[in-house]
Enquirer: 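Take this structure first; my questions come after.
These numbers were taken from a predicted model, which means no experiment stands behind them.
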Protein chains: 2
Amino acid sequence: MQNNSRFTLSDLAKLAGVSTSTASRALRGNPIIKQQTRERIQALALEHNFSLNAAASRLRTQRTHVIAVILNLTEHTEQSINDPFLLKVVGDLNQALNERNYELLLSNSFMAKDDWTQYFIKSSRADGLIVVGQAKSDTKMIAAAEAGAPIVVWGDPHASAKYTVVGSENRLGAKQATEHLIKLGHTRPVFLGDLEHAEMGERYKGYCDALAAHNIPLDDSLVMSTDLTYQAGYDCINQSVKTNGLNFDGIFACSDMVALGAMKALKERYVNIPVDVAIIGFDDIPMAEMSHPALSSIKQNTKLAAEIMVTELLRQLNGEPGQSHAVGIELKIRHSSDPTRT
Amino acid sequence: MQNNSRFTLSDLAKLAGVSTSTASRALRGNPIIKQQTRERIQALALEHNFSLNAAASRLRTQRTHVIAVILNLTEHTEQSINDPFLLKVVGDLNQALNERNYELLLSNSFMAKDDWTQYFIKSSRADGLIVVGQAKSDTKMIAAAEAGAPIVVWGDPHASAKYTVVGSENRLGAKQATEHLIKLGHTRPVFLGDLEHAEMGERYKGYCDALAAHNIPLDDSLVMSTDLTYQAGYDCINQSVKTNGLNFDGIFACSDMVALGAMKALKERYVNIPVDVAIIGFDDIPMAEMSHPALSSIKQNTKLAAEIMVTELLRQLNGEPGQSHAVGIELKIRHSSDPTRT
DNA sequence: TTGAAAGCGATACCAA
DNA sequence: TTGGTATCGCTTTCAA
């Protein structure tokens, strides 16, 4: 501990022989201040390791330059908190925010108090909210939006939402994935996912679209609802095969984690993947290409999505209205669905 | 936007017919205030959705109740930013901090300005720093510690550090991993990792310990230095086998990501795992048990580590001296090293 | 182009 | 047990 007595703007100003007003303006590069003065003060600040007190500045300006990112998880803690996909989104958001000179306050829905607007916005902890994951209920998001809080949510962009949503073309992605299986001759594909979840509901529609496009009747026994975890995917497929035998020849899973769980269950039973059962997931997490066989998937463009989310949020901070966006997806074909690929 | 005019403590006080001093004390549950008054004011606050202005409070108290968590990444951005292990640590830190009523400001070493103390501490953005990843150079950490900033680093706890470090028993873990391979008859194990990295250096020592304990001479050609990524692990083993043939019968990899890359390279060459080559990694990421064969690994107790890091940091905030801690590890035996396991 | 001074909203000392 | 009041450090209006 060397320099304990705080070195404030007024100290700096005194040192430079100017008023705090001038010093403040100079540091912010206000052109109203003579360039020479500006440079002198900036140099002095650098030399003395000076930095403005953010708390004071925030109090005065009523702006924090902080965005709260809330990981909106479901009850089973262990689930999504380890989902590499969600964490990737957080990483990308961090990057996008920093580039615009905003900081990221990380929270999750277990920790954050119930009233987000009150806790983050009214209290001057953050200027806006980004929620990752629509989960099954969006009452908190709606409440925040209605209270006037700037908010952007990662979720299903086609939801008739009362708040701004950015997300992938879920329905299209699911359709492409399912069609990919069908075209390779797998006409009895399973839908594996969580129907109560908005994004997954869209993916289910895409699955149905693909079946319809190929005149394949929907077989309810192939629609399996399950949590979005590795373990749940494993259990679900394991149970299904045990009970009904191998009455399907493909799997479209709503997340790669689920797909990998399903794959494990099949491998344990020596099912030939992709010949007897072709599998495709969603998200394209890094693990997808590492699995054996490498997992086909629908890649979500999280980097682009993160940038859009931040842009939208800053728009709202400027008083402009928000607008939802759907981000394109990309079919990644690998060996788990197509034997000609690696 | 409904309630735009800010509702401040003084408004609340007026409403309650008391002074701001009393209101402030009541809200914080100060027992000096008559219980009846306290409850009345708290109820009023709840009713009016009141929350204290954090910026003002921080300015006045000179405490932010915020901890900056810095992801300290190496140059190759793409690398660690996707490493599930590091992200898990962040998740656990978030939990541990929230439990103690602290918030987490997320940064990474690319974004954070150079002088951490100045940017985070002097500027009243955070009360302390937690750095995840020692990387290859620790000059910034040393600078922060010398400037008197409360700081705790995730890294190698046996480093002769000038700052508080919390980390796993790297040497012991590596020794156990390597011995596990040896005991199963794999007497020519490769060491796969990045020797410039402090934690990995310790793991290398552990690897040597195990060899020495079994009177196996160290063979330099089996020590392979590589980046800690999936791709690097793949390339390294691929290249090695191509050049020298299969001149090893086991792999101890410094991270699961590297191990999985190596595994993929071997599988492509139809090497029998674990019979011909047994593999074990480090970290025990979720993917480890999903891979095929499931990957043996050394589990790091990140949850406990996160709690210790937070405890240590709060200690420093109280002016007490910091102390480094080594957290125990656990050998997880799976099929990639032991054919009798699943 | 610069300076004086008011005030952002809480906390805590001192008095009562 | 409560209240008055001086700060915390910065930004910004108004005046010079």
Enquirer: Will you find, in the side chains of A:T164 and A:Q316, an N or O donor that is under 3.5 Å from an N or O acceptor?
Expert: yes
Enquirer: With a cut-off of 3.5 Å and sequence neighbours excluded, list every side-chain donor-acceptor pair involving residues 62-70 of chain B.
Expert:
{"from": "B:R63", "atom 1": "NH2", "to": "B:L317", "atom 2": "O", "distance (Å)": "3.1"}
{"from": "B:T64", "atom 1": "OG1", "to": "B:V66", "atom 2": "N", "distance (Å)": "3.0"}
{"from": "B:T64", "atom 1": "OG1", "to": "B:D127", "atom 2": "N", "distance (Å)": "3.2"}
{"from": "B:T64", "atom 1": "OG1", "to": "B:D127", "atom 2": "OD1", "distance (Å)": "2.9"}
{"from": "B:T64", "atom 1": "OG1", "to": "B:D127", "atom 2": "OD2", "distance (Å)": "3.4"}
{"from": "B:H65", "atom 1": "ND1", "to": "B:N101", "atom 2": "O", "distance (Å)": "3.1"}

Enquirer: Does a donor on one side chain and an acceptor on the other come within less than 3.5 Å for B:R100 and B:T311?
Expert: yes
Enquirer: Looking at A:V18, A:T20, A:N30, which hits side chain to side chain contact (heavy atoms under 4.5 Å, CB included) with A:R25?
Expert: A:N30
Enquirer: Could you verify whether a donor N or O on one side chain and an acceptor N or O on the other, from B:S21 and B:S24, lie under 3.5 Å apart?
Expert: no
Enquirer: Do any N or O atoms of the protein come closer than 3.5 Å to N or O atoms of nucleotides 4-8 of chain C, and which pairs are they?
Expert:
{"from": "C:dA4", "atom 1": "N7", "to": "A:S21", "atom 2": "OG", "distance (Å)": "3.2"}
{"from": "C:dA4", "atom 1": "N6", "to": "A:S21", "atom 2": "OG", "distance (Å)": "2.9"}
{"from": "C:dG7", "atom 1": "N2", "to": "A:R60", "atom 2": "NH1", "distance (Å)": "3.2"}
{"from": "C:dC8", "atom 1": "O3'", "to": "A:Q62", "atom 2": "NE2", "distance (Å)": "3.0"}

Enquirer: Need two values: the first and the last nucleotide of DNA chain D, 5' to 3', having an atom under 4.0 Å from any heavy-atom of chain B.
Expert: D:dT1 to D:dG9
Enquirer: Hey, mind stepping through B:L104 and A:L105 against side-chain contact (heavy atoms from CB on, under 4.5 Å) and telling me if it holds?
Expert: CA-CA 6 Å; B:L104 192 165; A:L105 190 68; 5.9 Å; no
Enquirer: Establish, from distance only, whether the side-chain atoms of A:R6 and A:T8 form a donor-acceptor pair under 3.5 Å.
Expert: no
Enquirer: Pull out every residue in residues 28-40 of chain A that has a heavy atom closer than 4.0 Å to any atom of DNA chain D, ordered by number, or say none.
Expert: A:R28
Enquirer: Angle class for the B:F7/B:H48 ring planes (parallel below 30°, perpendicular above 60°, tilted otherwise)?
Expert: parallel
Enquirer: For the helix from C:dT1-D:dA16 to C:dA16-D:dT1, measure the angle between the helix axis at one end and the axis at the other, each built from five pairs, rounding to 10°.
Expert: 30°
Enquirer: Quickly, which of A:V90, A:V89, A:V153, A:L93 forms a side chain to side chain contact (heavy atoms under 4.5 Å, CB included) with A:I130? Name it, please.
Expert: A:L93
Enquirer: Looking just at side-chain N and O atoms, do A:T302 and A:K88 make a donor-acceptor pair shorter than 3.5 Å?
Expert: yes
Enquirer: For the pair B:R58 and B:E103, find out whether any cationic side-chain nitrogen is under 4.0 Å from an anionic carboxylate oxygen.
Expert: yes
Enquirer: Closest-nucleotide mapping onto DNA chain D: is A:L52 or B:A23 further toward the 5' terminus? I mean the 5' end.
Expert: B:A23
Enquirer: I need the full list of salt bridge (Lys or Arg N to Asp or Glu O under 4.0 Å) pairs touching residues 28-45 of chain A, with sequence neighbours left out, sorted by first then second residue.
Expert: none
Enquirer: We want to know whether B:D138 and B:Y163 form a side-chain donor-acceptor pair, criterion being a heavy-atom distance below 3.5 angstrom.
Expert: yes
Enquirer: If you pin B:F50 and A:V18 to their nearest nucleotides in DNA chain C, which one's is more 5'?
Expert: A:V18
